[in-house]
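Data first, discussion second: the structure below is written as structure tokens.
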Amino acid sequence: MFVKITPMKIETIAIHASNKADEATGAVIQPIILSTTFERAADGGYPSGYIYSRSANPNRSMLENVLAKLENGADAASFSSGNAAGMSVFQSLKPGTHIILPDDMYHGLRNQIKILFAGILEFDFIDVNNSDVLQQHIKPNTGLIWIETPSNPLLKITDIKKIIAIARKHHIKVACDNTFATPVCQQPLALGADIVMHSATKYFGGHSDLMGGALITAIKDAWWAKIRQVQEMGGAIPSPMDCYYLARSIKTLPYRMAGHMKNAQLLAEYLEKHPKVEQVMYPGLPSHPQHAIAKQQMCGFGGMLSVCIKGGEVEAKRVINSLKLFTQATSLGGVESLIEHRASVEGPDTKTPFNLLRISVGLEHIDDLIEDMAQALD
Ligand code: PLP
């Protein structure tokens, strides 16, 4: 029998919080319940607790249980993508609410706000790390500060506790996109955030083969009830298959992250010394401008890094096209290394330098990754 040790370590939570032997068959791993509907009792009640799969499904409940426990939250809601998770937060706000977001946040969510929420919410994209600028932008109707740390793709670190202290003074909620860090490297709820958001498509899925999103809340309050309503009524939910695969992948998340981090640190150190490299952005490097903050609030620096190549866009693109092991593709968090010229996918209002390449460092042997990088740079 499994003995619960409190508090459990993340490796144990990742494996056991989504494990429950199937009562009907004794199967150790939860079966995939594809049924969209659940039988009612003679009195019309729902003895299983399930009614209809848009509202809840056993595989989704299991996934949400492990997500909540990984981030040490009171509850979790899962979605069909990271953008759907983000959108549910924005849809849960009263029309006319003012929100503050980082000016270097993930461009897909930035565009979602700008295009889908124009005329519904008020928003400002600012340097949230500058406390004076942040305080100047707070208005009586400011309801939410959105942060993303480390940021995509500049790997900027936001001091979570500093933002929370300012937000609390003004009774403003804080949501943190924790996709790059994962709960293995950073737990924003423990630092005071109200909600954590993830693109589960990335490290949670970990194999570049499914889309998913997650929100985890510190407390089950009226705001969370509204978010749950958006999830159920909006219906941007993951399928039972995707929930099963996500829960399965999460079991190895801490070990995969350990490998991603080790490789990323070594690759960052190699690149930083290379004469063809202008700058490496990785929070684990002492040269990173917010390395001290990263050390305080993270317990690992993640598997993402960005590198600026000397010689501008042309040279950066030449390097990408000379690589053999790194695949030129968007997205991140899979076991295979990916590399991308970000400015060309982010659109005209990008803040990303044109010589920047974003790297999702995979789990290949570091010697092979460095050898490939060396031949491409040279
Ligand atoms: N947040 C970050 C930091 C991301 O990198 C992404 C996707 O790249 C998202 C959110 C959106 O997630 P999804 O693509 O699963 O909708």
Side-chain angles (χ1 to χ4, degrees), residues 63 67 71 76-91 99 101-117 125 128 146-158 160 175-186 188 193 195-216 231 234 236-239 242-243 245-246 249-250 257 260 264 281 283 298 301-306 327-334 338-347 350-352 356-361:
L63 171 64
L67 289 168
E71 287 283 7
S78 56
F79 295 86
S80 52
S81 71
N83 264 24
M87 187 155 86
S88 300
V89 172
F90 306 134
Q91 284 177 325
I99 59 178
L101 308 102
D103 54 6
D104 67 327
M105 70 185 283
Y106 165 61
H107 80 113
L109 268 177
R110 184 183 67 214
N111 289 341
Q112 180 191 99
I113 294 277
K114 282 167 69 176
I115 296 166
L116 300 185
F117 289 91
F125 297 94
V128 291
W146 182 273
I147 55 176
E148 179 187 311
T149 179
S151 69
N152 180 3
L154 298 179
L155 278 299
K156 275 198 204 162
I157 301 295
T158 296
I160 301 177
C176 179
D177 185 338
N178 204 28
T179 300
F180 267 34
T182 81
V184 177
C185 299
Q186 176 174 275
I195 280 191
V196 164
M197 177 256 166
H198 281 279
S199 166
T201 315
K202 316 302 181 194
Y203 289 106
F204 283 170
H207 297 76
S208 308
D209 57 2
L210 64 82
M211 301 288 300
L215 297 175
I216 301 102
Q231 181 199 31
I237 44 143
S239 71
D242 285 343
C243 293
Y245 281 122
L246 262 174
S249 293
I250 284 172
M257 285 314 293
H260 287 297
M281 296 150 180
M298 301 179 82
F301 302 113
M304 294 299 298
L305 62 89
S306 288
T327 305
Q328 180 176 194
T330 200
S331 202
L332 59 114
L338 301 179
I339 188 159
E340 189 175 33
H341 182 254
R342 282 302 290 179
S344 53
V345 291
E346 289 184 353
T350 179
K351 296 196 117 210
T352 302
L356 180 142
L357 302 177
R358 190 192 72 181
I359 304 176
S360 172
V361 186

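Note that ligands are numbered from 1 as they come in the structure, with each ligand's atoms numbered from 1 the same way.
- The shell of residues lying under 4.0 angstrom from ligand 1, judged by heavy atoms, includes M197.
- Among all non-hydrogen protein atoms, the one lying nearest atom 15 (O) of ligand 1 is T201 OG1, 2.6 Å.
- Judged by distance alone, with hydrogens and angles left aside, the side-chain atoms of Q231 form a donor-acceptor pair with the main-chain N or O of S78 at under 3.5 Å.
- In this structure, Y245 places its OH atom where only 12 or fewer heavy-atom neighbours from other residues, nucleotides or ligands lie under 6.0 Å away.
- Using a 4.0 Å heavy-atom cutoff, G212 is listed among the residues neighbouring ligand 1.
- Near D177, meaning under 4.0 Å from any of its heavy atoms, are these atoms of ligand 1: 1 (N), 2 (C), 3 (C), 10 (C).
- Using a 30° and 60° split on the angle between ring planes, H260 and Y203 fall in the perpendicular class, above 60°.
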query: Stepwise, does the side-chain hydrogen bond (donor to acceptor under 3.5 Å, both in side chains) test hold for S331 with K202?
result: CA-CA 7 Å; S331 202; K202 316 302 181 194; 3.0 Å; yes
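- In terms of polar-atom proximity, G82 is counted as a contact of ligand 1, with an N or O under 3.5 Å from an N or O of the ligand.
- With ligand atoms numbered from 1 in the order given, ligand 1 contributes 6 (C), 7 (C), 8 (O), 14 (O) to contacts under 4.0 Å with heavy atoms of K202.
- Nearest protein neighbour of atom 5 (O) of ligand 1, counting heavy atoms only, is N152 ND2, 2.9 Å.
- The backbone and the side chain of N83 each have at least one atom closer than 4.0 Å to an atom of ligand 1 (non-hydrogen atoms only).
- In this pair, F117 and F90 present their aromatic rings perpendicular. The plane angle is above 60°, beyond the 30 to 60° band.
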